[in-house]
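Shown next, in structure tokens, is the structure this report addresses.
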Amino acid sequence: MSEWRPIQGYEGLYEINECAQVRRNAGSGTDGRKVNEHMICPSKAQNGMCYVSLWKNGKRKSHMQHKLYAAAFHITENEAVRRLYYGFHGNQKAVERICILLENMQKSLEQEAQKGHDRHDEILYVKAFLSEIKNDNVHGIS
């Protein structure tokens with residue numbers, strides 16, 4: 001079963017799930033008409049990214065789908081893009097193996113840095129990526 005989270009700024013109106021599907025909650029519109037719960041279909045921009053149009057107080061605003069997803073699930077926008085557009089959906093065992101590989105890579109780079117090789121940027125990148133994966137894993141996002 002999908003976990004639905006409110007979209008920031010649209011609490012009570014719209015929600016998003018871990019598959020980045022957006023739905024309108026049941027309620028009433030600004031003109032008092034009843035609104036049934038329904039899914040919002042995203043549109044594609046020319047660059048291939050998806051966006052959704054959300055309504056609030058009689059005004060429509062378009063939002064990039066990956067940004068809404070990142071904000072709701074407390075992940076970086078880069079990670080959201082990776083998951084939505086590049087199909088990265090790990091499982092627990094895969095995440096653990098990736099973490100071990102990254103930790104080993106980090107140790108190896110640090111050893112090379114001690115020998116005088118300039119690996120500072122690579123070490124920072126590996127640390128950041130490892131941190132993102134571990135953070136997502138702690139929050140149950142995979």
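Just so you know, these numbers use all the heavy atoms, side chains as well, and skip hydrogens, waters and symmetry mates.
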Problem - Worked check of side-chain contact (heavy atoms from CB on, under 4.5 Å) between L13 and L54 - result: CA-CA 9 Å; L13 297 173; L54 307 179; over 6 Å; no
Handout entry: Counterpart residues, side chain to side chain donor-acceptor pair (under 3.5 Å), relative to E110 (two or more places apart)
Key = Q106
Handout entry: Qualifying residues under ring-ring contact (aromatic ring centres under 6.0 Å, His included), relative to H66, sequence neighbours excluded
Key = none
Problem - Pair listing, salt bridge (charged side-chain N to carboxylate O under 4.0 Å, His left out) test, anchored in residues 40-58, at least two apart - result: none
Practice task
Identify, with sequence neighbours excluded, every residue that meets side-chain contact (heavy atoms from CB on, under 4.5 Å) alongside Q114.
Solution key: none
Exercise for the section: Any chance you could lay out the side-chain contact (heavy atoms from CB on, under 4.5 Å) test for I40 and R24, step after step, and finish with the verdict? Expected result: CA-CA 7 Å; I40 305 297; R24 171 70 163 95; 4.1 Å; yes
Practice task
Verify, without hydrogens or angle tests, whether Q65 (side chain) and A20 (backbone) share a donor-acceptor contact under 3.5 angstrom.
Solution key: yes
Practice task
Name all pairs fulfilling the ring pair (Phe, Tyr, Trp, His ring centres under 6.0 Å) condition that reach into residues 24-59, sequence neighbours left out, sorted by first residue then second.
Solution key: none
Practice task
Return yes if some donor-acceptor pair links the side-chain N/O of N57 with the main-chain N/O of K59 below 3.5 Å, else return no.
Solution key: no
Exercise for the section: With sequence neighbours excluded, give me every ring pair (Phe, Tyr, Trp, His ring centres under 6.0 Å) pair touching residues 10-32. Expected result: Y10-Y14, Y10-H63
Exercise for the section: Find out whether E18 and W4 are in side-chain contact, i.e. whether some heavy atom of one side chain is under 4.5 Å from a heavy atom of the other. Expected result: no
Problem - Gap separating the SG atom of C19 from the CD atom of E3, nearest 0.5 angstrom - result: 11.0 Å
Handout entry: Heavy-atom closest contact (A80 atom, A70 atom, distance)
Key = CB-CB, 3.9 Å
Exercise for the section: Just jot down the salt bridge (Lys or Arg N to Asp or Glu O under 4.0 Å) partners of E77, sequence neighbours excluded, or say none. Expected result: none
Problem - CA sep, side-chain torsions, deciding dist, call: R5, N17, side-chain contact (heavy atoms from CB on, under 4.5 Å) - result: CA-CA 6 Å; R5 294 188 182 181; N17 70 8; over 6 Å; no
Problem - Listed partners of R60 passing side chain to side chain donor-acceptor pair (under 3.5 Å), at least two apart - result: none
Handout entry: side-chain contact (heavy atoms from CB on, under 4.5 Å) partners of N25, counting only residues at least two apart
Key = E15, R23
Practice task
Report the residues that fulfil side chain to side chain donor-acceptor pair (under 3.5 Å) with E112, sequence neighbours left out, ordered by chain and then residue number.
Solution key: R119
Fill in the blank from the handout: So CD1 of I16 and CD1 of I7: to nearest 0.5 Å the spacing works out to 5.0 Å
Problem - Residue list, side chain to side chain donor-acceptor pair (under 3.5 Å) with S28, at least two apart or on another chain - result: none
